[in-house]
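See structure below.
Atoms within a ligand are numbered from 1 in the order they appear, just like the ligands themselves. Keep in mind the model is a prediction, meaning the values are calculated, not measured.
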Amino acid sequence: MKTKKSRFDFSSIRTVSLLYFVIFAVLLLLLVWFLQNFLINNYYEEMRISEIRTSAKMLENKYHFNRKAFNDAAVDVSKNSGVYILVSSSDGTISYNYGAGVQPVSLGYDYEISEANTNLRNSNLNSVSITTKEDDSDLYTLVYASYLNPDSKDEILYLVAPLYPVRSTVQILRSQFHLITLFSLIVAVVLALYLSRRLSGPIDNITKSAVELSKGNFNVKFNGGMFTETNELARTLNTASYEMQRSDSYQRDLIANVTHDLKTPLTMIKSYAEMINDISGDNPKKRKEHLRVIISEADRLNKLVSDMLAMSRLQSGNIILDKTKFNIVEAAEEVFETYKYLSEQDGYTIKFNKPKATYVYGDLDKIKQVMINFISNAIKYSEDNKNIEINLKKAFSGKTIRFSVLDHGVGIPADELSHVWDRYYRTSANHKQSVDGNGLGLSIVKGILSLHNANYGVTSKEGVGSEFWFEMDVVKK
Ligand code: ADP
């Protein structure tokens, strides 16, 4: 399957991250622009006012203390902050003036000073700060005025600070703004492209590997790159591909097993039929013997096909249980009787330990089928020690009843124990012994018991024996 990549795929990682980065940059620029245009003036004024106030307080103290110190400090403040300093008495005589490092200066701030003076006299405060603007100019000026002697109110200290520098600063910032805009947009685009490449790289790799996998190449490895999430995804996919590989080889084995199991009896039937035709046709004894083989092979085929049918019905969930309340002791007894008769001839000793009549709810025939399977397996895999024990015992203080079949036969290797319930699974012991069987019995048992919500299991030791069991809830009669 090929995915067509358009140049402008609006849901691709690249486009989306580009978009988000650009939006981020634009928002940032808007914020800077807003700050520059609306807040910086106020902010600057606040700063200026507090700076001037601090300087004024310092100058007031020095004025009373020592005129020389006041002069020196005034020169400093004036030079550093670009402030014009003036002290005038109430009658208007100027006792000190100093402006921005030029001495003496002519009074350039008559308007501002008279405004501040009026403000101070009209208020009942000891100091005021005002912002003034002459009608014909667009320069704002910050004026601070305070009484040097609050009691006599005879001398006033003025600090005049032009606010124009902020405007030029804004101008400079504004011209820088274009540069910042360009720079941040370029950075956003570069970052977005870089990040999207880092991100989409591993995803592209994973996609390529997945395409390979879908073609049936199970050896493909998923590589997750540098991110935790993509690494996690790659790990999961590697596990999935391993599982697929396993299930694929299991399917292959399965088909091989089934065809083998179907082919063997068919070959036997064909060859024995040919033998009757060519050799034993007129010899009643030989013919009977050959016919016996044909019939037994046909039976085997028949059993295999019906087991396969039962299995596929169970698997597709296409099976309806005919549930009734029945006495499980009686059911086990019936099964036991058929085996007792069969086995006596072959030297088996089958013991049956049973409780009193106990009722369960389920499909009688299917439960009997489970019992038959356990017992016939015990017989099949018994070898020399032919003692078999069937136990029916109440458990969990009579709430459940447990059916088990114990044998002293070949047993099952520990690593194969969990597989005996799988379809067509036959343990390695079978290869040595060529015991008759198709590996479907226990998987049918598993299907039936699962449908009954019954617990079941096996304990076994290779060379010692096995015990297969299931449990059902006891119901009232
Ligand atoms: P089969 O027709 O081969 O007996 P089952 O599904 O009944 O198929 O059993 C699956 C496999 O489990 C058997 O082939 C055998 O290897 C193993 N098995 C089942 N029951 C026993 C047992 N009582 N003792 C030893 N091995 C057993």
Could you verify whether a donor N or O on one side chain and an acceptor N or O on the other, from Asn391 and Asn353, lie under 3.5 Å apart?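 Yes - a donor-acceptor pair under 3.5 Å links their side chains.
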If you compare Asp422, Thr427, Leu406 by their heavy atoms, the one closest to atom 17 (C) of ligand 1 turns out to be Thr427
Shortest reach to atom 4 (O) of ligand 1 by a heavy atom, considering only Tyr425, Trp421, Tyr381: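 That would be Tyr381.
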Determine whether a donor-acceptor pair (N or O, by modelled atom type, separation under 3.5 Å) exists between the side chain of Asn327 and the backbone of Thr358. yes
Check ligand 1 against [X] and write out every atom of the ligand that is under 4.0 Å from a heavy-atom position of the residue.
X	value
Asn373	7 (O)
Leu440	6 (O), 8 (O)
Val410	25 (C)
Lys380	1 (P), 2 (O), 4 (O)
Val420	10 (C), 12 (O)
Ser466	22 (C), 24 (N), 25 (C)

Output yes when the distance from some N or O of ligand 1 to some N or O of [X] is under 3.5 Å, and no in every other case.
X	value
Ile412	no
Leu442	yes
Gly439	yes
Arg426	yes

Measure up the Trp421 and Phe468 rings against each other and bin them: parallel (under 30°), tilted (30 to 60°), perpendicular (over 60°).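 Ring orientation, 0 to 90° scale: perpendicular.
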Parallel, tilted or perpendicular: which fits the ring planes of Phe403 and Phe374, with parallel below 30° and perpendicular above 60°? parallel
Quick one: list whatever passes side-chain contact (heavy atoms from CB on, under 4.5 Å) with Leu301, sequence neighbours left out. Leu262, Pro265, Leu266, Ile269
Distance under 6.0 Å and angle within 45° of the ring axis: does Lys325 meet both against Tyr359? no
Going by atom type alone, with no hydrogens or angles, which donor-acceptor pairs under 3.5 Å involve a side-chain atom of residues 192-200 and a protein atom two or more places apart or on another chain?
| from | atom 1 | to | atom 2 | distance (Å) |
| --- | --- | --- | --- | --- |
| Tyr194 | OH | Arg198 | NH1 | 2.6 |
| Ser196 | OG | Ala192 | O | 3.0 |
| Ser196 | OG | Leu193 | O | 2.9 |
| Ser200 | OG | Ser196 | O | 2.6 |

Only one of Asn373, Asn377, Ile372, Ile379 clears side chain to side chain contact (heavy atoms under 4.5 Å, CB included) with Ile375; which?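 Of the listed residues Asn373, Asn377, Ile372, Ile379, the side chain to side chain contact (heavy atoms under 4.5 Å, CB included) partner of Ile375 is Ile379.
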Take every heavy atom of Phe468, measure it against each atom of ligand 1, and state whether any distance is under 4.0 Å.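 A heavy atom of Phe468 does come that close to ligand 1.
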